[in-house]
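Reviewing the structure listed below.
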Amino acid sequence: MRKIYKRIDVVYTPCDVRENFAFGNVPTAYDATSRYITLDGVPVTVTAGEFHFSRYDCRFWEREILKMKAQGLDCVSTYVFWNHHERRPGKFDFGGNNDINRFVSLCKRHGLKVILRIGPWCHGEVRRGGFPDYLAFVPGKRKSTPLYMHFVKRFWTALAERVKEFCDGETIFAVQLENEYTGNISHIVKLREAAETAGFKTPFFTMTAWPADNPDKRFLPMFGGYPEAPWTQNKKPLPPQGRFAVTAGRSEVAIGDDLSGKKSSSADFSGFPYATCETGTGNQVSHHRRPVISENDGYGIAFAKLASGAVWQGYYMYHGGRNPSDRPMQESRRTFYPNDYPVADYDFQAPVSKDGKVRGHADRLRLMHYFLRQNGQSFARTQTFFADDRNMPYFSYRADETGGYVFVSDYERGATLENYSLDIDIDADGYKVKIDDLRVNAGDMFFIPVRQSYGGITFDYITAQPVAVLEEGGRIHAYFVRFANEVRMAAANGITTVTEAEKVFKNEGGELIMHFLDPAAAKKLYILGGKAIFSEYPLFEQDGKIFAEKTENAPKNAIVITKTAKKRMPFSTFMPAHGKKVFYNIKIDNGLLDNAEDAEIDLRVKGLDFQLFKEKKLVDDGFNTDGHFVFRLKRIASKDGFTDLTFKICAAASKGKGRVYNEIGIKPGEAEITDYSLKYVIKEEVRYE
């Protein structure tokens with residue numbers, strides 16, 4: 001096993017001085033220093049998950065918002081796509097899935113702040129970047145030209161009217177202007193003036209810090225990075241590119257360069273809090289590139305940003321969705337963009353899927369969020385110290401005057417990984433800590449506490465990742481994730497080695513019970529209603545009760561799938577494969593949902609592209625990434641049941657548009673359903689003592 005030595009000299013610089021930022025335009029309890037956000041003068045961290053309301057069936061908004069809250073998030077961020085709301089000039093649609101007032105109201109009801117990304121140009125893999133079609137021939141777009149700004153102001157005035165009651169200095173927490181802007185910042189200034197005139201009030205106006213790199217105290221700069229680059233115009237595996245590195249550099253240089261063609265520069269943002277709006281917890285797949293985002297991929301970028309000093313974690317996407325499929329609303333080469341995307345699918349391989357399934361990287365992110373929720377005040381004050389190299393294992397130390405947390409990552413997508421042993425020396429003013437032989441296995445990502453107190457006991461270090469501390473029945477319960485068979489705890493009385501799942505300490509204040517959970521057990525942990533609950537299924541809290549969303553096997557014969565003759569269907573030109581097409585009829589028992597919240601079909605499919613139609617109307621689609629096409633049924637059920645469902649598969653080809661980069665391997669000419677499963681989705685109250 002390779003031995004590595006890391007030394008950190010800690011010279012902590014307090015940061016309690018305001019920097020004369022002018023991020024907001026409303027009386028509010030929020031402010032900022034150069035290092036963190038404050039609430040009533042107290043440092044806080046921010047966790048914001050992206051969820052696009054107009055890409056989701058409004059009947060299920062509340063359920064999904066509650067799931068996101070159960071994930072430990074405190075904000076929901078959302079694009080407001082102009083072309084979703086104004087199809088014809090001056091005719092605005094804010095009803096149904098476009099009802100932003102209702103969406104924000106639900107977030108507020110359940111204690112989540114909202115970040116509005118209002119464009120006017122958004123990108124978001126949507127047609128024309130969100131611009132309505134009528135703007136196609138308007139000159140001077142994304143500039144402060146009078147005609148363009150006239151249309152922007154008209155839309156924003158209508159939009160602000162729908163959300164004005166939430167411009168209270170808290171609910172609408174931030175408003176992002178433009179996206180991936182390459183021009184002069186004077187245009188962003190004009191956009192802020194237009195937004196303020198329209199009626200938007202918020203503690204924070206933000207802008208993406210790439211690729212223009214224009215530090216300005218009127219806009220909180222937002223950063224990002226993704227686990228892969230499906231916009232890259234090749235069909236080969238990408239070499240390791242340091243996307244998961246722990247580094248003082250804030251933004252991935254390649255983000256957004258598919259459209260801008262401009263790399264980020266080295267502008268100095270050190271005088272601003274480290275905030276992100278596109279920390280990629282997933283990736284959309286383009287037609288020509290279809291990476292499978294693993295659990296480590298989906299968790300790793302978020303971990304790297306936190307280890308590198310972020311105090312505002314903005315995840316894109318946290319919850320998947322679907323485009324409106326009554327017309328082509330996706331980015332495509334037919335609309336002069338460099339990539340083709342599915343017409344409907346915007347699952348993004350996100351922590352929570354387009355049907356509300358909670359994935360493995362969500363379970364790991366949730367543990368991080370629980371830690372930040374309890375330790376946000378002290379953690380936000382930390383300063384980030386880096387070792388003198390960027391070689392794996394990646395390493396940092398986030399600390400204040402009294403102690404902090406060592407971050408270690410041995411993960412980089414596409415890299416050859418190996419196990420390590422770390423010796424660490426931390427030399428700070430007031431304390432010195434030495435950690436010998438810290439074992440790091442290939443793929444590990446964890447942080448461990450240094451000079452932190454639990455139950456009144458101060459530990460020099462604990463070789464396990466902290467999650468939360470709860471008081472129950474007069475006892476203090478501290479929950480950690482362990483990454484080895486043994487956990488070492490160093491305190492004043494020496495080093496204690498623990499191999500059991502629990503360790504009990506007794507002192508004058510009572511009992512401290514330290515729970516050391518293996519990673520699989522930790523992923524089942526939810527903290528709801530002030531209690532630790534372990535569940536095999538996703539949990540959420542509603543009206544003072546806790547519910548599980550369970551799945552159970554349903555009778556497979558409730559579905560009959562039959563290969564059928566070729567049919568003429570819409571949107572065929574928007575699935576870029578031009579080879580063999582295969583069609584199936586799917587017949588579903590109309591009573592399937594009588595005793596269940598929903599039902600879920602998992603089709604095992606060979607082929608390149610999929611489309612699902614109901615009565616010859618597109619209801620779902622996707623590019624094959626992992627051999628599965630999963631969809632829930634309640635969304636497409638009607639009073640007549642599940643009538644006339646058709647599933648279409650496009651085969652891959654050996655060359656041309658049908659040849660793609662795919663990590664599971666798709667053979668040319670294959671197009672078939674090989675198997676399927678059916679599960680009930682059941683909402684069940686969880687009772688606990």
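Remember, it's a predicted structure, so these values are computed and weren't measured experimentally.
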Report the C-alpha separation of Ser453 and Thr458 in whole Å, then their side-chain angles, then the decisive distance to 0.1 Å, and conclude whether the side chain to side chain donor-acceptor pair (under 3.5 Å) test is met.
CA-CA 4 Å; Ser453 295; Thr458 298; 2.6 Å; yes

Between Thr208 and Gln176, does a side-chain contact (heavy atoms from CB on, under 4.5 Å) hold up when you go through it step by step?
CA-CA 8 Å; Thr208 50; Gln176 180 183 309; 3.8 Å; yes

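- Looking at heavy atoms from C-beta onward, Phe200 lies out of side-chain contact with Asn25 at the 4.5 angstrom threshold.
- Figure legend: cation-pi geometry between Arg154 and Phe151 absent, as NZ or CZ is not positioned both under 6.0 Å from the six-membered ring centre and within 45° of its axis.
- With hydrogens and angles ignored, the 3.5 Å screen pairs no side-chain donor or acceptor of Glu178 with any backbone N or O of Pro120.
- A donor-acceptor pair is defined here as one N or O able to donate and one able to accept, closer than 3.5 Å; such a pair exists between the side chain of Ser308 and the backbone of Thr247.
- Put simply, the side chain of Tyr370 reaches to within 4.5 Å of the side chain of Tyr526, judged on heavy atoms.
- Between the Thr276 side chain and the Gly314 main chain, a donor and an acceptor come within less than 3.5 Å of each other.
- Under the 30°/60° scheme for interplanar angles, the aromatic rings of Phe155 and Trp82 are found to lie parallel.
- Of all heavy-atom pairs spanning Tyr226 and Gly282, the tightest one is CD2-O, 3.6 Å.
- In this model, no donor atom of one side chain and acceptor atom of the other lie less than 3.5 Å apart for Glu170 and Tyr30.
- Thr197 contributes a side-chain N or O that, together with a main-chain N or O of Glu193, makes up a donor-acceptor pair within less than 3.5 Å.
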Would you please test Gln284 and Tyr346 for side chain to side chain donor-acceptor pair (under 3.5 Å) and show each step?
CA-CA 7 Å; Gln284 181 70 325; Tyr346 202 69; 6.0 Å; no

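- Ring planes of Tyr454 and Phe459: tilted class, angle from 30 to 60°.
- Looking at Lys108 and Asp168, a side-chain N of the basic residue comes within less than 4.0 Å of a carboxylate O on the acidic one, giving a salt bridge.
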side-chain contact (heavy atoms from CB on, under 4.5 Å) assessment of Ile546 paired with Ile533:
CA-CA 10 Å; Ile546 295 173; Ile533 305 171; 3.5 Å; yes

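- In this structure, Asn20 CG and Ser34 OG are separated by 11.5 Å, a value rounded to the nearest 0.5 Å.
- With values rounded to the nearest 0.5 angstrom, Leu106 atom CG is found 13.0 Å from Arg63 atom CZ.
- Phe205 does not carry Arg218 over the face of its six-membered ring by the limits of under 6.0 Å from the centre and within 45° of the normal.
- A 4.5 Å side-chain heavy-atom check between Tyr79 and Asn179 finds at least one atom pair inside the cut-off.
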Derivation of the side chain to side chain donor-acceptor pair (under 3.5 Å) call for Gln349 and Asp297
CA-CA 10 Å; Gln349 303 180 72; Asp297 292 336; over 6 Å; no

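- A donor and an acceptor atom, one from each side chain of Glu472 and His477, are nowhere located under 3.5 Å apart.
- With contacts defined as side-chain heavy-atom distances shorter than 4.5 Å, the pair Glu165/Asn101 qualifies.
- Pairing each heavy atom of Val467 with each of Leu525, the nearest pair is CG1-CD2, 4.0 Å.
- Of the possible polar contacts, one joining the Thr202 side chain to the Phe173 backbone as a donor-acceptor pair under 3.5 Å is found.
- A salt bridge does not link Lys6 to Asp425: none of the charged nitrogens lies less than 4.0 Å from a carboxylate oxygen.
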Thr382 vs Tyr12, test: side-chain contact (heavy atoms from CB on, under 4.5 Å). Steps then yes/no.
CA-CA 8 Å; Thr382 60; Tyr12 181 75; 5.6 Å; no

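- We find the CG-CD1 distance between Leu470 and Ile527 to be 5.0 Å, quoted to the nearest 0.5 Å.
- With Ser378 contributing its side chain and Asn375 its backbone, the two residues share a donor-acceptor pair below 3.5 Å.
- The line from NZ of Lys153 to OH of Tyr148 is 12.0 Å long, rounded to the nearest 0.5 Å.
- Under the side-chain hydrogen bond (donor to acceptor under 3.5 Å, both in side chains) rule, Glu295 has a single partner from Arg359, His361, Lys523, which is Lys523.
- By the 6.0 Å contact criterion, NZ on Lys141 is enclosed, its count of non-hydrogen atoms from other residues, nucleotides or ligands being greater than 12.
- With Asn97 contributing its side chain and Cys58 its backbone, the two residues share a donor-acceptor pair below 3.5 Å.
- Closest of all the heavy-atom pairs between Arg250 and Tyr274 is O-OH, 3.1 Å.
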Would you check, one step at a time, whether the test ring pair (Phe, Tyr, Trp, His ring centres under 6.0 Å) holds for Phe480 with His515?
CA-CA 6 Å; Phe480 295 80; His515 302 265; 9.4 Å; no

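- Ile424 has its side chain within reach of Val406: a pair of non-hydrogen atoms, C-beta onward, lies under 4.5 Å apart.
- Counting all heavy atoms, side chain and backbone alike, Cys75 lies closest to Leu112 at N-CD2, 4.1 Å.
- Using a 4.5 Å cut-off on side-chain heavy atoms (C-beta onward), Arg451 and Val433 make contact.
- Arg398 forms no cation-pi arrangement with Tyr405, by the criterion of a distance under 6.0 Å to the ring centre and an angle within 45° of the ring axis.
- Asp74 has no carboxylate O lying under 4.0 Å from a charged side-chain N of Arg373, or vice versa, which leaves the two without a salt bridge.
- Looking only at side-chain heavy atoms (C-beta outward), Leu306 and Gln313 come within less than 4.5 Å of each other.
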Between Ile188 and Ile185, does a side-chain contact (heavy atoms from CB on, under 4.5 Å) hold up when you go through it step by step?
CA-CA 5 Å; Ile188 309 299; Ile185 199 169; 4.2 Å; yes

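- Ring orientation note: the planes of His369 and Tyr318 are tilted relative to one another, at an angle of 30° to 60°.
- Side-chain atoms of Gln383 come within 3.5 Å of backbone atoms of Thr13 as a donor-acceptor pair (strictly under, hydrogens ignored).
- Residue Leu177 comes nearest to Phe219 through the heavy atom pair CD1-CE2, 3.8 Å, listed as atom of the first residue, atom of the second, then distance.
- Thr45 places no side-chain N or O within donor-acceptor distance of the main-chain N or O of Val311, the cut-off being under 3.5 Å.
- Pro273 has its side chain within reach of Leu220: a pair of non-hydrogen atoms, C-beta onward, lies under 4.5 Å apart.
- Ion pairing of Lys545 with Glu541 is absent here, as no side-chain N (NZ or NE/NH1/NH2) approaches a carboxylate O to less than 4.0 Å.
- When atom types are taken as modelled, the side chain of Trp121 and the backbone of Glu180 share no donor-acceptor pair closer than 3.5 angstrom.
- Residues satisfying the ring pair (Phe, Tyr, Trp, His ring centres under 6.0 Å) test with Tyr461, not counting sequence neighbours, are none.
- At a threshold of 4.0 Å, the pair Glu401-Arg381 counts as salt-bridged, since one of the basic side-chain nitrogens sits closer than that to a carboxylate oxygen.
- Considering Glu50, Arg55, Glu64 as possible partners of His319, the one that fulfils the side-chain hydrogen bond (donor to acceptor under 3.5 Å, both in side chains) test is Glu64.
- Under 4.0 Å is where a charged nitrogen must lie from a carboxylate oxygen, and between Arg243 and Glu228 no such pair does.
- Ring-plane geometry between Tyr299 and Phe303 is classed as tilted, the angle between the planes lying from 30 to 60 degrees on a 0 to 90 degree scale.
- Taking all atoms of both residues into account, the shortest heavy-atom contact from Tyr316 to His52 is OH-CE1, 3.3 Å.
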